[in-house]
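The next block holds one structure in the form of structure tokens; read it before the comments.
To find a chain, count down the sequence lines: A is the first, B the second, and so on, and within it residues start at 1. What you see is a predicted model, and the numbers here were worked out from it, not measured in a lab.
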Amino acid sequence: MGYDFKASEEKWQRIWEDKKVFRARDFDEKPKFYALVEFPYPSGAGMHVGHIKAYSGLEVLTRKRRKEGYNVLFPIGFDAYGLPTENYAIKTGIHPRKVTDMNIAKFTSQLKKVGYSFDWDRVIDTTEEGYYKWTQWIFLKMFEHGLAFRDKTLVNYCPSCKVVLSNEDSQGGKCDICHSDIIQKSKDVWYLRITAYADKLLQGLDEVDFLPNIRLQQENWIGRSTGAFVNFGVRGTDEKLRIYTTRPDTLFGVTFMVMAPEHPMLDKYKSMIGNWDEVEAYRAECAKKTEFERTQLVKDKTGVRLSGFTAVNPVSGKEIPVFISDYVMMGYGTGAIMAVPAHDQRDYDFAKKFGVDIIEVIKGGDISVEAYPGDGEMVNSDFLNGLTDKKTSIAVMCEKLETLGVGEKGVQYKMKDWAFNRQRYWGEPIPIVYCDDCGMVPVPYDELPLKLPPMENFAPGSDGESPLAKVESFVNCTCPKCGKKARRETDTMPQWAGSSWYFLRYIDPHNDKALADPEKLKYWGQVDWYNGGMEHVTRHLIYSRFWHKFLYDIGVVPTSEPYKKRTAQGLILGPDGVKMSKSRGNVVDPNEVVDELGADVLRTYVLFMGDYEKAAPWSKESVRGCKRFIDRVWGLLDMVTPETEYSKKLEAAFHRTVKKVSEDIEDLKYNTAIAALMTLLNAIYDEGSVTKKELETFIGLLNPIAPHVTEEMNERLGNTELLATSPWPTWDDAKCVENEIEIAVQVNGKVRDKIVIPADADADAAIAAAKEAKGVLAFTEGKTFVKELYVKGRLVNLVVK
RNA sequence: GCUGGUGUGGCGGAAUUGGCAGACGCCCGAGACUUAAAAUCUCGUUCAAGCAAUUGAGUACCGGUUCGAUCCCGGUCACCAGCACCA
């Protein structure tokens, strides 16, 4: 009788839900295990196969953990604020709340149909008042501690649509909607001072177990560099032109300086600069370029040499020319650099184009051809001459700078403060009030959540304002401090806000007194294992570590790092080997697979298709192979004998497979775990029968991967305890080996025959047997043995002449 | 450009303290069952030569170390990812 996957999957999903089999219990005596997967954005398109692969990994691990006796927390929720929902609402007129609820309902039913063992009593939705109340609460705490602040920035702005655009919506310098030229506009925006945590975020990486490439990406993102700040003089003034450099040792090679076009000092000395109109023209040209263009295009160096404005090297006293150029960014360092063309390729290119001197200060390269960034003996450098060690030269120079009072050691980060606002409706309102007398005043904690007001039209407001600016009843309020008339902040928080602390809310999702009960936070502690996509290992992962570290510093959470371990799954590509996308038409819908072949097949396939951490293309044919596997497993029911022990023939194979599957699951090697089960299944079919004990072990191992079919089989075997809660199979190392083994016999490194010997045979016995082997004699006849090796359990190698 | 990673059959991929390359699955071929097809089962399936036993070649390419190299070392090429004028 064939396996009716539809009826079986529905049946077991209902039983799991009714009995709350996968509920996590606060304060249970069992050891706890907290596994986290990245919660989905509930888009209208429904689930993607990528979600299935991402969730199936830890799904298997947590099902194994429960069988091993752990109290497992494996939650799911929805990261539901965001642009697609808002755009859909603008287009259709349906309220984002309604759209979100519909999409969440759809995702929930789809997730349940795959049979995931989530704790459905802990579902969270970042757009719910009970949730975003605490997102706002954390924001206010940050505001209190000076970590949330307002500052000017340049934004991409479309003067025709009057909206602020993201870099993605403004590529090529044109507005995506009306195609008019985009300008860079100065605007006051909210920032979170993540740079204050740069060193903590870097050091914290030592405490956690992240995959090496994930750790590296975080380090690069933070981008710490050490060097020195140096104050150059400005001829004819008391002004200091401050720069940052990682190579203070090359100070004697400075032949010019470059300032960012936006550098504020330029305006201050406008009257000194003889060619001001040239400066203004260049600035206008740069302002037109988006940040995207300015950094993406590697192009010819452009710039303007300032006339009448020169700098003075504070160590050598030499007068040097100053340029402005857009290869120097206002956002990094001090917005100005000392240029050492002999030892920096960018400065070299610039010097060649503008005819500036190039002075060698480090020997070793050929500066008539290109810059030499390497190490070597210092020359033309006064007190540094003759030094060969970079570190020493830098240290000597820094000391000199400090003695002269013209500079000091310094540290810089690539990471910038986090621009924390959007001019959009569907996000958490920023709970701040502007009062003419009191300035920025936080909304009192007991008035949280500051609710999103009901609205009809969610299109962005005019002049780059949020749609909320149009709602008078929301904007106009009284100052919580003095009671006078005041205005509310109308910007909302960015997408990343709600996901920066969601893992804490799962621990106590319904608490209305605190973001979570401290005792529960202590019980569940760190997330033991967090799996998600590579695309989130910089932004989301850093942002949430930052929030967590802040909450730790103010005593809200008990650990300094949120995640003990982080891994990432590889993408599922389309059948054509390219990333899935609607426009390519190569998207695979997981729901169709569930309907046609069953959830167990889908789960097995996404784990079997290849290395879990690497990208692999979807193959419709290979999915069928997994279907065959599941059906063959079901077929075992027709072969059961009542014995309650392993059969002699298969005992070692069973012990080996239990070991292999147990270890592979811990290591994200699901593909080889499943392959081992397939191999064992083939061996059973070769035998033609399976004992009850054997079958129970087999379905026990397969249960986390294919829970429905195995649960059904377990029931048919007459067992009343759910497989999901019965113990994980064990193995005995001593029983993993066969009595007799087959080894290869090589002559001069080439395999010539195979022999069967007792597993415990010693070298002499193995070599003696090997010399007799038929395939070997032909190659050793009439030769002398030079060397004879036996690698235990592997092979014999006979070296002859 | 920089940093990291990868390169194995027709395809997805196994195998590393240096020890039988190609596990497992897909595709493909042959056979069994069937009125037939599907499904299922059995066998074969790296390439080349041979009816065959077998022999030779083979883990991107070139070279080295070793009794023995997919694995270690040196060089070259290709692809992927992240960062990208970061001073």
request  = In sequence, state the C-alpha distance, the side-chain angles, and the governing distance for A:Lys627 and A:Asp631, and then conclude on salt bridge (Lys or Arg N to Asp or Glu O under 4.0 Å).
outcome  = CA-CA 6 Å; A:Lys627 168 75 174 160; A:Asp631 286 343; 3.7 Å; yes

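Regarding the sugar-base torsion, B:G56 falls in the anti class, its angle being beyond 90° of 0.
When heavy atoms are screened at a 4.0 angstrom cut-off, A:Ala336 is found touching no nucleic acid atom at all. Using a 4.0 Å heavy-atom cutoff across all strands shown, A:Gln345 reaches no nucleic acid atom at all. At the heavy-atom level, A:Phe229 lies nowhere under 4.0 Å from the strands shown. Using a 4.0 Å heavy-atom distance criterion, A:Lys669 is classed as a sugar-phosphate-only contact. A:Arg215 comes within 4.0 angstrom of no nucleic acid atom, judged by non-hydrogen atoms across all strands. Among the protein residues, A:Leu795 comes within range of the nucleic acid bases, having at least one heavy atom under 4.0 Å from a base atom. A:Glu788 comes within 4.0 angstrom of no nucleic acid atom, judged by non-hydrogen atoms across all strands. Using a 4.0 Å heavy-atom cutoff across all strands shown, A:Asp349 reaches no nucleic acid atom at all. Contacts of A:Val791 with the nucleic acid, taken as non-hydrogen atoms under 4.0 Å apart, include base atoms. In this structure, A:Arg752 reaches the sugar-phosphate backbone alone: every heavy-atom distance under 4.0 Å involves primed, P, OP1 or OP2 atoms, never a base. Across all strands shown, A:Asp344 has no heavy atoms under 4.0 Å from either base or sugar-phosphate atoms. No contact: A:Asp347 has no heavy atom under 4.0 Å from any strand.
With B:A87, B:A14, B:C83 as the choices, the nucleotide that has an atom nearest any side-chain atom of A:Ile337 turns out to be B:A87. Across B:G19, B:G13, B:C67, the shortest atom-to-atom separation from the side chain of A:Asp611 is found for B:G13. Comparing B:C83, B:G82, B:C20 by their closest approach to the side chain of A:Lys754 singles out B:C20. Of the candidates B:C26, B:C20, B:A15, the closest approach to any side-chain atom of A:Gln746 belongs to B:C20. With B:C67, B:A14, B:C24 as the choices, the nucleotide that has an atom nearest any side-chain atom of A:Val799 turns out to be B:C67. Comparing B:G4, B:C26, B:C20 by their nearest atom to the side chain of A:Ala744 picks out B:C20. Distances from the side chain of A:Tyr332 to the nucleotides B:G19, B:C83, B:A87 place B:A87 closest.
Nucleotide B:U65 is matched to nothing when pairs are restricted to Watson-Crick or G-U wobble geometry with both distances under 3.5 angstrom.
For the C1' atom pair drawn from B:G22 and B:C11, the interatomic distance equals 13 Å after rounding to whole Å. Nucleotides B:G7 and B:C33 are separated by 45 Å at their C1' atoms, to the nearest Å. Comparing B:G29 with B:A78, their C1' atoms are spaced 34 Å from each other, to the whole Å. Comparing B:C61 with B:G9, their P atoms are spaced 9 Å from each other, to the whole Å. When the P atom is compared between B:G13 and B:U65, the two are found 35 Å apart, to the nearest whole Å. A gap of 12 Å separates the P atoms of B:U59 and B:G63, to the nearest Å. Taking atom C1' on both nucleotides, B:G19 is separated from B:U6 by 25 Å, rounded to a whole Å.
For B:C24, neither phosphate oxygen OP1 nor OP2 lies less than 4.0 angstrom from any side-chain nitrogen or oxygen of A:Asn671. Dashed line: the shortest gap from a side-chain N or O of A:Lys750 to OP1 or OP2 of B:A57 is under 4.0 Å. At the phosphate of B:U40, OP1 or OP2 sits under 4.0 Å from a side-chain N or O atom of A:Arg628. The side chain of A:Arg632 contributes an N or O atom lying less than 4.0 Å from OP1 or OP2 of B:C41. One finds no side-chain N or O of A:Asn797 lying less than 4.0 angstrom from the OP1 or OP2 phosphate oxygen of B:U66. Checking the phosphate oxygens (OP1, OP2) of B:A87, no side-chain nitrogen or oxygen of A:Arg242 falls inside 4.0 Å. For A:Tyr244 and B:A87, the shortest distance from a side-chain N or O to OP1 or OP2 is not below 4.0 Å.
Cation-pi geometry between A:Lys414 and A:Tyr332 is not satisfied (NZ or CZ under 6.0 Å from the ring centre, within 45° of the ring normal).
Taking the six-membered ring wherever Trp is involved, the centroid distance between the rings of A:Phe323 and A:Phe350 falls below 6.0 Å.
You'll find the side chain of A:Phe232 reaches within 4.5 Å of the side chain of A:Met338, heavy atoms only. Between A:Ile542 and A:Ile222, some side-chain heavy-atom pair lies under the 4.5 Å cut-off.
Between A:Asn213 atom CG and B:C80 atom C1' there is a gap of 13 Å when expressed in whole angstrom units. Between the CD atom of A:Gln217 and the C1' atom of B:G5 there is a distance of 11 Å, rounded to whole Å. For the pair A:Asn220 CG and B:G82 P, the interatomic distance rounds to 13 Å; values are reported in whole Å.
Nearest-nucleotide positions on RNA chain B for A:Lys614 and A:Gly625 put A:Lys614 closer to the 5' end. In terms of position along RNA chain B, the nucleotide closest to A:Asp686 lies nearer the 5' end than the nucleotide closest to the other residue of the pair A:Thr246 and A:Asp686.
To the nearest 0.5 Å, atoms SG (A:Cys286) and CD (A:Glu262) are separated by 7.0 Å.
Between A:Glu219 and A:Leu205, the closest heavy-atom pair is CG-CD1, 3.8 Å.
Legend: residues meeting side chain to side chain donor-acceptor pair (under 3.5 Å) with A:Arg752, ordered by chain and number and at least two apart, are absent.
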